[in-house]
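So the structure is just underneath, and the comments pick up after that.
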Amino acid sequence: MDSIVPCLDLNLYTEPNSSSSTDIPQKITPKIEPIDEPSPFLPSTTHQIPSVTPPSEPDVSSEFNRISELFRTTFAQRLQKYGEVAMLPDVDSNSGAIVPYNNPEAQVANAVISPRVGRKNDQRSSELVRVTDLRPEDHLCFRGRIRRTRLLFDSLRAFLVAQIEKGRDSLTPQRRLRVDLKVAQLMKKQGLWLYRDKRIVGAIPGVSIGDVFFFRMELCVVGLHGQAQAGIDYVPASQSSNGEPVATSIVVSGGYEDDEDAGDVIIYTGHGGQDKHSRQVVHQKLECGNLALERSMHYGIEVRVVRGLKYEGSTHGKVYVYDGLYRVTDTWFDVGKSGFGVYKFKLVRFENQGQMGSVVLKFAESLRTLKLDAWPKGYVSLDLSSKKENVPVFFFNDIDEDHEPLYYEYLTSSRFPLHVYDHGAKGIGCDCVGGCSDICSCANKNGGDFAYDLNGILVRGKPLIFECGPHCQCPPTCRNRVSQKGLRNRLEVFRSQETGWGVRSLDLIQAGSFICEFTGIVLTHDQAQIFTMNGDSLVYPSRFPDRWAEWGDLSLIFSDYVRPVYPSIPPLDFAMDLSRMRNVACYMSHSSSPNVMVQLVLFDHKNISFPHLMLFAMENIPPMRELSLDYGMADEWTGKLSICN
DNA sequence: GAAACTTCATATTT
DNA sequence: CAAATATGAAGTTT
């Protein structure tokens with residue numbers, strides 16, 4: 001069962017008319033582009049290929065029409081010739097040619113990621129599998145694996161960025177470093193790239209539609225798209241059981257001028273034919289990814305689509321969004337805008353998939369500038385914080401008339417008992433008048449490092465972080481003030497059928513960045529006792545598990561990694577009263593695989609028993625996706641995750 | 001806009 | 001002949 005299709009004639013793609021190959025002119029005139037290696041679908045006399053410019057000459061397009069026609073008829077002929085044997089199952093077929101995907105048990109076993117064995121040089125397996133019908137617990141398992149992998153990628157990147165920043169002085173010229181590549185390389189060396197032992201056709205288990213990636217390499221690491229640069233990923237002919245390549249995923253990043261992206265329907269340009277400056281300068285050939293995409297159409301193989309989108313706020317102005325599965329429905333040879341031959345592929349999105357992530361991103365972005373009367377129905381309040389936060393906190397409910405969140409006073413920062421501040425200002429802050437550097441006394445309290453990189457990304461979770469604060473001499477722009485500055489993303493409290501209340505963001509939140517504080521009136525142990533007797537429910541911060549330890553846990557990369565234990569702090573012994581004053585954080589739902597975590601921070605006083613509860617993103621959180629926290633509650637799946645590891 | 005960068009497929013050499 | 005090595009093409013990020 002390891003072959004995807006019965007064997008075909010391996011000579012299918014070699015030039016059938018070998019006698020004529022020596023007649024092909026290498027150069028005719030500077031204006032005419034010879035095709036060095038004619039595809040079998042082109043006429044053997046290639047010197048009639050149209051001139052470079054101008055593209056609009058009538059004989060040019062007619063010549064291309066002729067070639068295009070020939071291309072089509074050759075497809076048809078081949079289909080006629082091989083169609084009856086070369087059939088891969090469609091999604092609903094149970095021919096079994098793709099290694100088992102009708103047996104739920106087998107699917108999981110089949111696609112479980114195991115350490116590479118027996119394969120040399122980190123090569124990917126050529127074995128095609130499709131993973132379907134995941135049970136909820138399977139999905140959680142795969143999701144967890146993706147999550148841990150991405151957590152490692154993101155936090156390893158933050159770590160390396162911080163290291164580089166630290167070693168850099170202002171005199172030496174800045175080296176341009178590709179930290180993303182470094183991260184990918186390190187992870188690959190440790191065998192941490194996912195799905196290398198199977199080629200997955202269709203969805204990657206654990207990757208959801210709408211998942212957002214900041215780096216192209218991250219797509220490789222999670223197995224979504226295996227090419228570091230090329231837009232078409234495929235099983236090469238040499239690895240395929242029948243000698244034919246098969247495409248499994250594409251990235252639509254706008255690098256080709258002839259692409260037409262209408263969302264559900266994409267006219268995708270094949271790759272090749274470009275010069276260093278991404279201009280089409282020669283005709284494309286039907287080979288590599290182009291041929292593979294054509295084969296995927298022939299066999300009805302679904303293709304994953306990732307879109308590269310412009311996005312302000314990303315370090316390089318671009319993000320990648322997984323938009324789901326498409327099928328190739330048509331292909332033809334065309335004259336591109338620059339006048340050279342390009343292969344085109346029509347891709348149509350499968351129905352009944354979730355909304356496209358790229359659409360959600362664009363929608364959330366459009367809300368920035370949209371007039372209020374054009375907003376969707378359901379916005380009860382446009383700012384729960386009444387302008388106390390930097391950005392509005394929206395309140396959305398299109399389900400019922402429950403307006404409860406409106407009835408609380410909004411608290412931007414936790415209110416501690418007065419005695420917490422009762423120590424005088426001596427020895428609290430640093431004296432870095434001109435801005436903080438490595439020798440800053442606050443940095444020293446963190447163990448000699450700043451907890452954040454220059455972009456404000458948390459480098460590594462710690463038991464407690466010391467930020468500079470009101471008692472420091474440094475300016476408010478100091479790099480060591482991140483969580484005290486309040487919201488940066490437009491958050492939204494919303495009514496949900498499943499979770500009652502929930503929180504989501506209208507902005508894309510990058511992994512490792514600060515989201516908001518979890519605020520309330522802080523009660524000492526004794527005060528809390530009295531409250532509990534009155535029947536009021538309180539939140540006990542000590543119940544939040546140490547999720548911070550996961551952010552920046554590099555033990556899989558560096559064998560000498562030790563989990564940070566400094567500074568050691570006593571167990572939290574206070575409660576938070578949310579009965580009158582609260583902020584957006586308390587509406588976050590619980591999850592045992594949360595995308596938000598608690599990091600304790602101190603900045604306006606020095607009592608380590610009463611730190612602020614600051615919330616940071618553990619993943620890249622796309623707009624409109626629900627934020628979740630681990631409140632330390634038992635989870636119904638907890639006992640069933642043993643198949644994971 | 002140029003340089004740095006990595007992977008992969010294929011071609012070539014040992 | 002298999003393994004090692006070289007080359008070119010792919011496109012993103014700084």
Side-chain angles (χ1 to χ4, degrees), chain A residues 10 13-15 36-37 116 118-126 153 157 160-161 164-165 168 172-189 193 195-196 199 213-240 243-259 268-293 295 306-321 340 342-343 453-455 510:
Chain A
L10 289 174
Y13 295 107
T14 55
E15 172 56 68
D36 302 328
E37 298 162 32
R116 305 181 318 280
R119 245 172 322 112
K120 50 188 191 292
N121 299 336
D122 288 325
Q123 266 195 3
R124 282 204 283 177
S125 160
S126 60
F153 187 100
R157 185 177 169 279
L160 291 181
V161 165
I164 291 161
E165 284 171 355
R168 182 148 62 202
T172 47
Q174 295 201 1
R175 277 208 65 200
R176 292 147 186 261
L177 287 172
R178 291 284 303 274
V179 180
D180 54 311
L181 297 181
K182 202 75 197 160
V183 170
Q185 192 188 47
L186 279 168
M187 288 181 71
K188 187 165 198 184
K189 212 165 72 185
W193 287 28
Y195 305 114
R196 296 225 109 207
R199 292 274 191 158
F213 303 80
F214 281 90
F215 299 94
R216 187 64 189 248
M217 286 312 291
E218 223 176 337
L219 304 175
C220 299
V221 172
V222 301
L224 200 54
H225 185 81
Q227 301 284 124
Q229 298 173 237
I232 306 169
D233 192 23
Y234 59 102
V235 185
S238 60
Q239 282 183 38
S240 163
E244 293 187 69
V246 180
T248 51
S249 64
I250 63 167
V251 177
V252 190
S253 51
Y256 283 87
E257 58 191 4
D258 298 310
D259 283 353
Y268 189 74
T269 313
H271 60 190
Q274 292 188 334
D275 68 359
K276 279 265 176 216
H277 312 286
S278 302
R279 287 183 298 237
Q280 291 297 143
V281 288
V282 289
H283 304 302
Q284 290 184 344
K285 296 174 186 170
L286 190 62
E287 59 188 25
C288 301
N290 298 347
L291 181 57
L293 261 184
R295 292 287 81 193
V306 176
R307 280 194 170 77
L309 302 174
K310 274 194 167 52
Y311 196 87
E312 299 298 325
S314 159
T315 49
H316 45 274
K318 204 167 191 182
V319 293
Y320 297 92
V321 188
F340 294 96
V342 291
Y343 285 97
D453 73 10
L454 292 174
N455 292 312
Q510 184 170 3

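To find a chain, count down the sequence lines: A is the first, B the second, and so on, and within it residues start at 1.
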Could you tell me the separation between the CG atom of L291(A) and the C1' atom of dA10(C), rounded to a whole number of Å?
16 Å
From the set dC8(B), dG11(C), dT14(C), return the single nucleotide nearest to any side-chain atom of F215(A).
dT14(C)
Identify whether any heavy atom of G272(A) sits under 4.0 Å from a base atom; if not, whether one sits that close to sugar-phosphate; answer base, sugar-phosphate or nothing.
sugar-phosphate
Measure CG/L181(A) against P/dC8(B) and give the value in whole Å, please.
13 Å
Quick one: does any side-chain atom of Q284(A) pair with a main-chain N or O of G270(A) as donor and acceptor, under 3.5 Å?
yes
Hey, does the side chain of K318(A) come within less than 4.0 Å of dG11(C)'s phosphate (OP1/OP2), counting only N and O?
no
Return the nearest nucleotide to the side chain of Y256(A); candidates are dA9(B), dG11(C), dC8(B).
dG11(C)
Whole angstroms only, please: what is the OH-C1' distance between Y268(A) and dA10(C)?
11 Å
Calculate the interatomic distance between D275(A) atom CG and dA10(C) atom C1'; express it in whole Å.
13 Å
Bend angle of the helix from dA2(B)-dT14(C) to dT14(B)-dA2(C), from helix axes over five pairs at each end, nearest 10°
20°
Short side-chain to backbone donor-acceptor contact, D233(A) and H225(A), under 3.5 Å:
no
Rounding to an integer number of Å, can you tell me how far N290(A) CG sits from dC8(B) P?
19 Å
L224(A) and side chain to side chain contact (heavy atoms under 4.5 Å, CB included): which single residue from Y195(A), F213(A), Y320(A) fits?
F213(A)
K182(A) NZ to dT6(B) C1', straight-line distance once rounded to whole Å:
11 Å
Residue Q185(A), side-chain heavy atoms: nucleotide from dT13(C), dT12(C), dT6(B) that is nearest:
dT6(B)
With a 4.0 Å limit, can you tell me whether Y320(A) has a side-chain N or O closer than that to the phosphate oxygens OP1/OP2 of dT13(C)?
yes
Do R178(A) side-chain and dT12(C) base share a donor-acceptor contact under 3.5 Å?
yes
Write down the distance between CG (L454(A)) and P (dT14(C)), rounded to a whole number of angstrom.
14 Å
Candidate nucleotides dC8(B), dT12(C), dA10(C), ranked by approach to the side chain of R216(A) - the nearest
dT12(C)
A228(A) side chain: which of dT12(C), dC8(B), dT7(B) is closest?
dT7(B)
Can you tell me which nucleotide in dT13(C), dA10(C), dC8(B) comes closest to the side chain of Q229(A)?
dA10(C)
Nearest whole Å is fine: how far is dA9(B) C1' from H271(A) NE2?
11 Å
Is there a donor-acceptor pair closer than 3.5 Å between any side-chain N or O of Y343(A) and the backbone N or O of H271(A)?
no
Phosphate-side-chain proximity, S253(A) and dT12(C), N/O vs OP1/OP2 below 4.0 Å
yes
